[in-house]
Amino acid sequence: MSEKATQEYRPVPLPDYRELPVEEMRARAQAFYDEIRTRHTVRDFSTRPVPRDIIETCIKAAGTAPNGANHQPWHFAVIGDPAVKKQIREAAEAEEKAFYEGRAGEEWLHALAPLGTDASKPFLEEAPWLICVFGERRSRSADGVKRKNYYVPESVSIATGFLITALHKAGLATLTHTPNPMSFLNELCGRDPHDKPYILMVVGYPKEDATIPEHAMEKKPLEEIATFI
Ligand code: IYR
């Protein structure tokens, strides 16, 4: 397909919308809330393998997210190789050590205290898959021409939300890990230095004795997170 053809506005009928009766809408909204509220960020991962095709399907779901100019400015680097996971763990733990030993500052460490996190990140080797979500400031169009991307953080964040939801629906646990800084991931994942790593998603089964911080169970009520005007 030529670049010119992709630039033309060609409306097509909305392909797959199906209106639902209001009662069914209400039931579906409630059912989704009841399911998504069972998602918990997990830090204790089993080493049990997870089939690659399930990860692929969840990434395809993430790739349907709304985004700037439909440039789809994201890349998902999926790491299953134990040797690369080990390198990622070593680099991440070095950064985290500096973070927890001072770089974070007192206020940030105080905020993290109820989560019980520290510089030790064994899950980076134990979980079967790590998915590094990159944002592409520039990317190639169909004919290989580099073009500027728009709303990259917003687009990547929405796609990451889709990814977490897809993985949860598939029955997998996730951790949205953000080593700070995380630029070491460009080289380890073979990405262009201009691409920005946003999230290192840890994916797998929870360990049988996995725990979560009680603090994480506290969700703000609707009245606090929404106003209707
Ligand atoms: N990246 C660090 C610290 C950390 C920061 C926030 I904000 C969290 O919600 C959780 C952890 C770590 O992964 O330990």
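Counting from 1, the numbers follow the sequence of the chain as shown. All ligand and atom numbering here is 1-based and tracks the order in the structure.
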* Enumerated ligand 1 atoms positioned under 4.0 Å from heavy atoms of Lys121 -> 12 (C), 13 (O), 14 (O)
* Go through ligand 1 atom by atom and flag the ones less than 4.0 Å from a non-hydrogen atom of Phe99. => 3 (C)
* Report, as yes or no, whether the 6.0 Å neighbourhood of atom CD on Glu35 holds more than 12 heavy atoms from other residues, nucleotides or ligands. => yes
What protein heavy atom is closest to [atom], reported as residue, atom name and distance in Å?
atom	result
atom 2 (C) of ligand 1	Glu96 OE1, 3.1 Å
atom 11 (C) of ligand 1	Leu112 CD2, 3.9 Å
atom 7 (I) of ligand 1	Trp108 NE1, 3.5 Å
atom 1 (N) of ligand 1	Thr178 O, 3.0 Å

* Asked: Is His177 in polar range of ligand 1, meaning some N or O pair under 3.5 Å apart?
  -> yes
* N/O to N/O below 3.5 Å, does that happen between Asn180 and ligand 1? -> no
* **Check: Tyr198 ring centroid to Trp74 ring centroid under 6.0 Å** => no
* Whether Phe123 and His177 hold their rings parallel, tilted or perpendicular, with breakpoints at 30° and 60° -> perpendicular
* Asked: Just how far is it from atom CG of Leu20 to atom CZ of Arg28, taken to the nearest 0.5 Å?
  -> 5.0 Å
* **Flag for Thr41-Arg39: side-chain donor and acceptor within less than 3.5 Å** => yes
* Without swapping roles, check the side chain of Arg137 against the backbone of His194 for a donor-acceptor pair under 3.5 Å. => yes
